[in-house]
Structures are given as C-alpha cells and as structure tokens.
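Just below is one structure, and these are the notes that go with it.
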Amino acid sequence: MKKRWLALLLAAAMVGGTLTGCGSSKESKGKDDTVELSFYMMNSPVQDQDRIMEKANEIIEEKIGAHMKLVNVDSATYAEKMNLMINSGDPWDLCFTASWGGINFYENAQKGAYADLTELLPKYAPETYKRIPEGLWDGVKIDDKIYASVNYQQWGAASRSGFRLRKDIADEVGFDWASLKGMPTLDALKEMDDFIGKALELHPEMIGWETSAIKSFYANEPLSWDMEEVGDILTPGWIRYTDPDTVINQFETEEFKAYCEIMRDWYNKGYVRKDGATVQDTSPDRKAAKFIAESTTGWPDSVDFEGNADMERMSMCTKETAPAVGVSNTRTVIKAGAGPNAAVAVNAQSENIEKAVELIELLNTDDELFMLITQGEEGVDHTYADDGTYSFVDGKYNFNYNEWQLGQSYSPDFTRALYDRNEAGDKQKESQTMVYEADKTAEVSPLTGFVFDATPVKTQIANCSSIIDEMVPALSSGSVDPETTIPEFIDRLKTAGVDDIIKEKQTQLDEWKAAK
Amino acid sequence: MREKQKITVSNVVIHIIFILLMLVCILPLLLVLGISFTDETSLLRDGYHLIPKVFSTGAYQYVFTGATSVLRAYAVTIFVTVVGTLCHILFMGMLAYCLTREEVTARNKISLFVYLPVLFNGGLVPTYILMTRFLHLKDTVWVLILVSIASATNVLIMKNFFKSIPQALIESARIDGCSEYRTFFSIVLPLSKPSLASIGLFVAIAYWNDWMTCSLYIETPKLQTLQYLLQSLMNNIGYLQANAGASQSMETAILNLPSEGARMATCILAVGPIIFLYPFLQKYFEKGLTIGAVKE
Amino acid sequence: MSRFKKNQGQMVKRKVPFKRQFPFYVMMMPGLFFITLLFYLPMPGILIAFKNFNPIDGIFGSEWMDPLFKNFEFFFKSDTAKTITFNTLLYNVLEAVLVTVIAIALSIMLNELKGKVSTTVYKGAILLPTFLSWIVIQYILFSLLSIDKGIFNNLIGREVQWYSEPFYWRIIMPLAYVWKNVGYYSVLYVAAIAGINTDYYEAAQLDGATKWQQIRHITLPLIKPTVIVLSLLWVGKLFSGGLGDWNAFYTLPNNAGALYGATDVIDTYVYRSLRTLGDYGMTAAVGLYQSLVGLILVFGSNHVIKKIDPDSALF
C-alpha cells in the first residue's frame, strides 16, 4: 500500500510541476512556414464557416503568410472561457476583449496577460493606428502602454443619449417632443409624464416606459445624468462632468432619489410594468411594439437629421408598426470606457506577436477580407432585392452581426458594412458621416487614461455588488417606496464598505492627476 | 406471487395518486410542446397556452435551417453518451464491487479516498490546465467523455447495491474455481443489471445534457454537441441584453435570436430522443428486474 | 441476519495475503486511476484560496495573501451571510427529507402494483422531469407564472406577482426540486426493493402479516442502507456546491432581486458578488469554507451511523 501512496504523491508532484506557470504557448505550425494564428471571439455557431474561412485564409496567406483560425465561443460562456485560458496559460494568439460583461480587459492587462502593443502598432499596423481618434487609444492604455487594438465601429465612438417616442401617438396627443432636446433628464422625464398619461388613456394596452431587472435607466446610464463611472459601471463611485475631480456615491445623490420617486409615481399610475423589478427579457414587449417611450443611445436624432433609419422606429420594430422620433438630451462625449468597449488583444505569451499585429492591420485595412468574413459572399449568403435592400439568405453563412468584435467596421467610404443600395442606404451613410465628424470634435472624458485598480477594496466591492444587484432593480422600476428603501439601501452599502471604495477611487484618481 | 391482481381499495387509491402525478409531470412538458408549435405573434398577443391558438411549425423550421450541423451534433452526442456511459458503469462498477469484498483489507481507506473529492475540489482553473496542457485533450471528443467518466457518488451507490448480492453465491463460484474476474463478469454483473441500468440511465442523462464541457473545451464546429447548440440558443439572450450598450450591432443580433417558440422547440429536440428511447430502455430494466427478483 | 453479520466482522480481522487481494486491485485500477486523475490532480487548486492568484506565476508561484485569510473576508463580512447560510441549510434539509420520503412512498406503491403496463407508464411519467435541464424548467415556470402571459394568472383571472413575493418561492423552490428529482430517487429505490429476496415476503405472508406490517418490518429495514448512503451523500453535497444544482437557485427565480432573501444560497451569492470581479481567490476561499463544513457534517454523521449500524457506514 505504501508504494501506491508514494506513486500517487509522485504523480501529484508531476502535475504540480506543470501547473506552475511556465506559461509557454505551443504554436501549431501550418504547412510550410505559414504560422497559424488563433482568434477567439464570442459568437453563436456559424453555418458554412469552413467555406468562408478557406477563402479568407487564401487572402491572409497571400498578404502576410499566415493562417487565421477563428474560434467562436458561445457568448454566455465567452468571458469564463477566455479568463480560464488566460489563467491557465492555454495558448491563444488574438482575442476579442472588453471592459464589460466579465471579460475584464483592465484586470487581465494589469496581470500581464495581454501583449504591450505601444511600439508594435505604429510599426506593424500603421493604418489602424492612424485612423482611430487619440482619445480612444488613451482608453486602452495602462501606465502609458497600449494593451489592445480598438475596434472603431461604424456607429462612432462618441456617446450621446436621449429618448425615442412613438411618433404617431405624439402627434395624436399633440406632444412637442422636440422640446426635450438638450433638457436635463429629470426635467425631460417630468415633461413626458403628461404625454405618457394621455397616450395610455388612448392606448391602454401599451406600456409607458421600459423597466427591467437587467437594465436601470439610472445605474446603467450615467451619461443621461451628466455623470460618468470610475471603473466598472455597477460599482459605486462616479464623477459628475460638472465636477470631475470628486468621486461620489451615485446612489447617494439627489438625482437618484428624484429618479426613483418619478418611477414610483409612474408605477403607481400604471405607466410601467408591474413586474419591472424582475422581468429579464423585454424583447417580447419590444417586438410587440408595446412601448410608448424608451431611452436610446443612438444618434443623430430626428431634430438634427431627418431620415436616420434607427431613429424612425422603436427598438426591434419596423417603421410601419411603430414609427418613432428620437431626441437626444445629453452632451456628446467620448467616454473613458469607449476604447475598451470593443477591442482586440494579443496574448503576451504568443510566439507570433508581430504576425498577430499584422493580422489586426490586415483585418482592418483589407475591406474585401473583412466583408467576406463578416457578411459572407454576395449572391450566396446575402442578396440585394430589386429595390436595393439587402438581406441574408436563410440557412447560409451568417456572422450573427458580430463584425464589431473582429475589427474596425468604421470606414469613411462605407466599404466595411452592408448598406441598402437605395435612398435608405444613402441616408444611413449620411447620418454616419455626421457621427464621424462629431467624433473629431467631441469632448473627451476627463477620466480617459485613468485605470482603477480594484485590488485594495475587492472585499467591499464584492459585498456592495450583491446589494446593488438586489436593490437597484426594485428601486429603479418603482416597485418599492423610495422614501424608506433608499435610506435602507444606503445604510446597507455603508455597512458593506461603500465609503472605502469611494475613498480608494478618489485617492487613485488624485494620484493619477498629480502624476499627469 | 403471480396470483391474479385483485381490485382492492388501496390499489385504486394508488392508481389515482399515480394518475395525478402523471399529469403533474407530463402537462408541463406538453405545455412546452404546445408553445413550440405556436405562432410567434400569437405568443406575444395571447400568452402561453397548452393548445396553440395559432398553429405554426416555424420554430422547428428555424432550428432545422442548419440541418446538417444539427444531425452531426446528434451523432457526436450519441457517441459520447454511449461510450461514456459504458465506460463509466464498467470502471465505477468494478471499483464499487471490490470495495464490498471482505478480502480487500484497505477498503475503508479506499472508500474514503473515493469519497473525499465529493467535498473538496480544486476548481475550474487546475482542471482546465490538466485537460489542456497536461493531457492535451482540448478540442477532442475524448474530453467530452473523460470529464464525466468518474463519480464518487455513483461508486458509493453501486457499492450498496452490490452488498445485497448474497455472499454464498460468490463463495460457491470461487469453490467452483472461477477467477475473481469471471465471478464479477459472469455472476455479479448479470445479477446487478437492474441497479446498474438505473445508474446507467442517469449517467447517460448527465452526458446527454452536458453542454458546459463542450463550451469550454471544444473549438471545432464538427465536434459540437447537440446540447451546446441548443443551449447557445437559449442562454445567450440574457447576456447580450445586459450588455447591449456595447454596440448597436448587438440590438440587431438580439432581434435575430430565436423567438420563445424556437427556444421551446430546442427543448423538445433536446429531450425528445431520450424520451423516445426510454420505453425501450425500460423494457430492458423490467427484464433486469425479473432476473434480479428470482435470484436466491 | 445478525449472526451472519458478526461472522463477517470476524473475517475482516483475518489477514488476507496480498496475492488473494491482487485481482481486486486490478479491477479497481481504472476507477481509481480516473478518480485520481480527475479529482486529485487538480487539488492544488485549493491553494488559490490563500493566494493572490496570477496566471503568469501559476498556482504555486503566486504570492500568498497577506493576511493569509484575506480572501475569506468578504463572505464573513457580508450582511447576508446568516440569511444565506440559513437558506442553504433549510433548502437542502427540506429537499432531502421531502425527496427521500416521497420517493420511498412512491417506490413502495409501485412495488405493490403488479400490473405491468400501468407501472411502466407511471414510472416513465414520473421520471420525465429528470430529463429536463434547469434552464428548461425555468422556461416552464415562467410560462406558468409570468404576470401577464402566464397560465396560472390566466386561470385564476388575477394578476398575481409571483416573481416579487419571496414567500411563494419558499414553496416553489423545494417543489420544483422535488418535481425534478423524485423520479430519479424512486427508480433507485425501486431497484433497491427489487433486490430484496422474495422469500421474506412469502414467509411473512404465511405468518399472516398484513401489507403494512410487511412494509414496516421487511421493506423499510432492508432498504435502510440505501437510504443512509443516499442521505450521507446528500449531507456531503449540502455544503459543497449545492448539489451541483445551485444554478436552480439562480435560474428558477429569474434572478429577481426582490426574492434574494428567500432564494439566495451560498453559491448564488458568491456567483453574484464576484461576477464583475472574476476573482478566483475569493471564489476558492468560499468553496474551501463550504468543503470544511461539509467535511465536519459528513464525518460527524458517519461516526454516529458507524455506532448504530456499522454496515451502513460510508467508510
């Protein structure tokens, strides 16, 4: 028996040896000297991927002598899988990264998992580097080093929030929606109160305003309240644009109180869903065109530009079933999180870091390649109807609209996305041009370049986030009375150490400002 | 014991209880079936009903537009389930049987060794390291089998079943000159068929329903399992909605995700084969049960 | 019966030559190999609970936490630690007792029914829910309980807010659990009852014992070992990963904040608090705490069982 235990111990020691982080990545070589680069992204299973990738690899091999192995990971498990790969030293070359949804861009970059691209980008990906506004690069920097290549999207980088309302009903009631333009969010909500009330009298089967358990119009939308998150959006600690040097607890503000009171009022009046604190999936309501008003992050709005197709319909509806008008009411700002909103990182342990950066450049500059992978082949996978509108062919290759993870879908000549070949397409191009122009002049967030290191207050963050998860949906859907619940909520946060988090964020912010 | 069944009050009560239970268990599944055949706009308008208000097979058409990959996924899943279940039952069964034998003096210590992992586990990271960097099994069909090939719980349950086999039978086999291996394979195994079959069924369900392993270790579309394809239709919506702010493309992506009906259709496609197979398996159980019952 | 046991007990103490034991070790080999491979080799991962884990340095190379138990802090400092520990215990005990009692009752009743067709149909039906994954059950529950489209609210004609009232979930959660698992355990117990020698019943019938007496004095005592093993396994899982089924607690109530007081167990709490941080050290710390509590419980009950009925003990 002794021998058995001994053998066991030996085996354990052996594995132990390999468990220690040697972190070497084994690169499987393709035929001849073509290197194979793996690219991980989140995507649902894709039909016919082999056919498209074969064609794509012909281009990639010819241009940079490499092969790309595109690996789709289910989006629900992507964050977990990628973090597992990083934390276990499993080889990979490129991956989609972001600072939301548990993908942990900042944490992984701080750990040293991503390659430092500061020197490599200008050298191997000059066009990619040049095209992107400087503010976005600052967003993916930690200690002045760039850790990812930003995927500049066709939707632009600057944010501006506002509302979308049913046009037909606004006309019916006689509501002057254009007056909401630029109005502080609180006033705008009060302005809409009367409108929603009248609208619901005429259309009792509809819902006034969207509330759900997964998205709070306050906690998930700092811009609407003229604030911005410091670090993760759901942890306590935001700043006001009017006072960007002071970190505040966003739940201890007048705005939050006032917002909850309005929602409580709306809840009592029946403007919002009774189960808004618990409903997860609002897409059935959206598809059924039930909402009278909703928040939106799309722009230019209907005041600035007539004919932005995204503003002329309610979310997930068509222009025919739910005609809409959009009006934005916030400033236009490139948030600190805009860079790592969608980016591509290279593994620091990869043997082919330079080649990987070359691939980034190729994906971002070779429009034919990018279109092939993201949209499939024209005539086979997508077709244009007689009136010029495009559509995807059922059961054929379909990238599930995930082009924004692979590379830049931004293109001033509109060669990197599908547009209808008619007036609607032209309108869309026109509106996107406005966005690109705005990106150049937009305010850059005062927090850009600052990265919050959560390590000293991990305990407090963990405890606060479960309390926030529990209380915020109820408060921001109006299902509880803010009079008594907000003080209770703040009390619980204080016990969980919210003030330590605010203090830590303030200290780190001050230090960063001083160093600049 | 094989006398003709008398109709007694207690029997009638038992029948009534089971008929009620049957309804409680079957109706929800029929509800899923009903929803999967309901037209999407009717679902949005009329809500959920057992019998579709507007009948439609659109949900199934949606799921089967990728027919080739669904069929291949069925093949992978069936292979993994069959091979995995057989290996699991064989290896764990042999282990459990030995742990019931008096001759194995260290059996209590070994039982403890088997049991401890129920309480302590190293977590995902080291397991992932083991599978990918030590065993190099990432992206192979073997990882799907290996991950669930051992279960301490099943060893202990089977151990208990083996205990009820009369010692005298095993003793007499030994006196007849049977080797221990033959005793196990030709006497113990056949006698334990019913219990092994019932454990086997649950091992099979576990293999059939496992999608997490595929999602973590499999990267080639060819090796994706059925449950992975179906779960990815079901799970993604929540994650995408919560993070929809990241790109306007996401709203389009959510819009193009399967409707509730399609999600229900995927449920039906996932459990269907097992439910259809069950009557055949059960016949085998019953046979096993009668063999078990006549043993002396 | 009892005399036979004593004899066996004496046999154990005799020394058995290794040659005689050898074939058994050969048969145990593959099983033990896989258990070692899958469960023991990853064990060093437990160290992560005490480390500031960092992928570049690996499990052994990462720095120790300072203070050593810092990763444990968050759980014990949380204001809900008591509630969720209570919930964890309550649900597990409640579910264990309900499932065991109902499953035994059903299996005895099934055994009484001699009609082949009916038992086959019944068994098949109560086993159906076992085939469903929790996420499917979540969809089913939602279609029953949804406030505007749900079947229940349509039937009673009122808008009951099932997802906002914690009280309902104190009942719904155990019910759903029993619904899914009772078929599985019934089948296990039917197999156990089938293993009982029919001679006992025939002898009892000759002595004029009633059905009820047969159940009490033959069936129940003889399936006792199975009941004990299953219960012990349950105690073990009680604190380690909530039966591997903790996502039942996460998915069933639709992750509704208002219900956390009634539905949160240790695992769901940990999952939720660490979702954004993604900190392996803190996750491992709570896991280790659960394991230790489970260890104490299992060894405690095993010790007691060994005193009462040595043959039923796990080890």
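None of the values given here were measured: they were computed from a predicted structure. Naming: A, B, ... by sequence-line order, numbering from 1 per chain.
- With a 4.5 angstrom heavy-atom cutoff, B:L23 does not touch chain C via any of its atoms.
- For the pair C:A125 and B:C25, the tightest heavy-atom approach, listed with the atom from each and the gap, is O-CB, 3.3 Å.
- Residue C:F39 holds its CZ atom at 13.0 Å from OH of B:Y115, rounded to the nearest 0.5 Å.
- Between chain B and the residues C:L106, C:T130, C:I48, the most heavy-atom pairs under 4.5 angstrom are made by C:L106.
- Residue C:A192 touches chain B through both its backbone and its side chain, counting heavy-atom pairs closer than 4.5 Å.
- For the set B:M94, B:E180, B:K163, the entry with the most heavy-atom pairs within less than 4.5 Å of chain C is B:E180.
- Using a 4.5 Å cut-off between heavy atoms, C:S143 touches chain B through backbone and side chain atoms alike.
- Residues B:S10 and C:E112 are not in side-chain contact: their nearest non-hydrogen atoms beyond the backbone lie 4.5 Å or more apart.
- Proximity to chain C (any heavy atom under 4.5 Å) is shown, for B:L90, by neither the backbone nor the side chain.
- At a 4.5 Å heavy-atom cutoff, C:Y189 makes no contact with chain B through either its backbone or its side chain.
- For the pair C:L188 and B:I199, the minimum side-chain heavy-atom distance is below 4.5 Å.
- Heavy-atom distances place both the backbone and the side chain of B:V104 under 4.5 Å from chain C.
- By the neighbour-count criterion of 12 heavy atoms within 6.0 Å, atom CZ of C:F152 is sparsely surrounded, having that number or fewer from other residues, nucleotides or ligands.
- Qualifying ring pair (Phe, Tyr, Trp, His ring centres under 6.0 Å) partners for C:Y184, counting only residues two or more places apart in sequence or in other chains: B:F202.
- Both the backbone and the side chain of C:L110 come within contact range of chain B, each with at least one heavy atom under 4.5 Å from a heavy atom of that chain.
- Per-residue heavy-atom pair counts under 4.5 Å with chain B were compared for C:L288, C:L144, C:V26, and the maximum is reached by C:V26.
- Checking side-chain atoms of C:W179 against main-chain N and O of B:V24 turns up a donor-acceptor pair under 3.5 Å.
- C:F33 does not touch chain B: none of its heavy atoms, backbone or side chain, sits under 4.5 Å away.
- Contact of B:L31 with chain C is made through the side chain alone, with heavy-atom distances under 4.5 Å.
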Could you walk me through whether B:L201 and C:L127 pass the side chain to side chain contact (heavy atoms under 4.5 Å, CB included) test, one step at a time? CA-CA 11 Å; B:L201 176 69; C:L127 204 52; 3.6 Å; yes
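- Between the CD atom of B:E103 and the CZ atom of C:F18 there is a distance of 13.5 Å, given to the nearest 0.5 Å.
- Proximity to chain C is limited to the side chain of B:M92, based on heavy atoms less than 4.5 angstrom apart.
- Only the side chain of C:N154 has a heavy atom closer than 4.5 Å to any heavy atom of chain B.
- C:P225 touches chain B through backbone and side chain together, each having a heavy atom under 4.5 Å away.
- Within the 6.0 Å centre-distance limit, the rings of B:H15 and C:Y122 are counted as a close aromatic pair.
- Between C:L37 atom CG and B:L146 atom CG the span is 6.0 Å, to the nearest 0.5 Å.
- Here the straight-line distance linking atom CG of B:L99 with atom CE of C:M27 works out to 11.0 Å at 0.5 Å rounding.
- Put simply, the side chain of C:L38 reaches to within 4.5 Å of the side chain of B:M131, judged on heavy atoms.
- Atom-to-atom distance recorded for C:Q21:CD and B:C98:SG is 10.5 Å, nearest 0.5 angstrom.
- Considering only heavy atoms from C-beta on, C:Y25 comes within 4.5 Å of B:I110 through its side chain.
- Of the residues considered (B:V147, B:L116, B:I35), B:L116 shows the highest number of contacts with chain C, using heavy-atom pairs under 4.5 Å.
- With a 4.5 Å cut-off on non-hydrogen atoms, B:I205 touches chain C through its side chain but not through its backbone.
- For the atom pair CD1 (B:I14) and OG1 (C:T119), the distance works out to 11.5 Å, reported to the nearest 0.5 Å.
- Around atom CD1 of B:I51, no more than 12 heavy atoms belonging to other residues, nucleotides or ligands sit under 6.0 Å away.
- Side-chain contact check for C:L32 versus B:F91: every heavy-atom pair is 4.5 Å or farther apart.
- Contacts of C:F131 with chain B are made by both backbone and side-chain atoms, with heavy-atom separations under 4.5 Å.
- For C:R20, the CZ atom is densely surrounded, since the number of other residues' heavy atoms within 6.0 Å is greater than 12.
- Shortest non-hydrogen contact noted between B:F18 and C:M109 is CE1-CB, 3.7 Å.
- Interface residue B:Y97: only side-chain heavy atoms are found under 4.5 Å from chain C.
- Listed by chain and residue number, C:W162 satisfy the side chain to side chain donor-acceptor pair (under 3.5 Å) test with C:N153 (two or more places apart in sequence, or in another chain).
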Would you check, one step at a time, whether the test side chain to side chain contact (heavy atoms under 4.5 Å, CB included) holds for B:L29 with C:L132? CA-CA 9 Å; B:L29 215 68; C:L132 306 177; 3.4 Å; yes
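- With a threshold of 4.5 angstrom between heavy atoms, C:L295 approaches chain B through its backbone and through its side chain.
- With respect to chain C, the highest number of heavy-atom pairs below 4.5 Å among B:L21, B:I26, B:V114, B:L156 belongs to B:L156.
- Interface remark: of the candidates B:S151, B:C87, B:S111, B:P117, B:P117 forms the most heavy-atom pairs closer than 4.5 Å to chain C.
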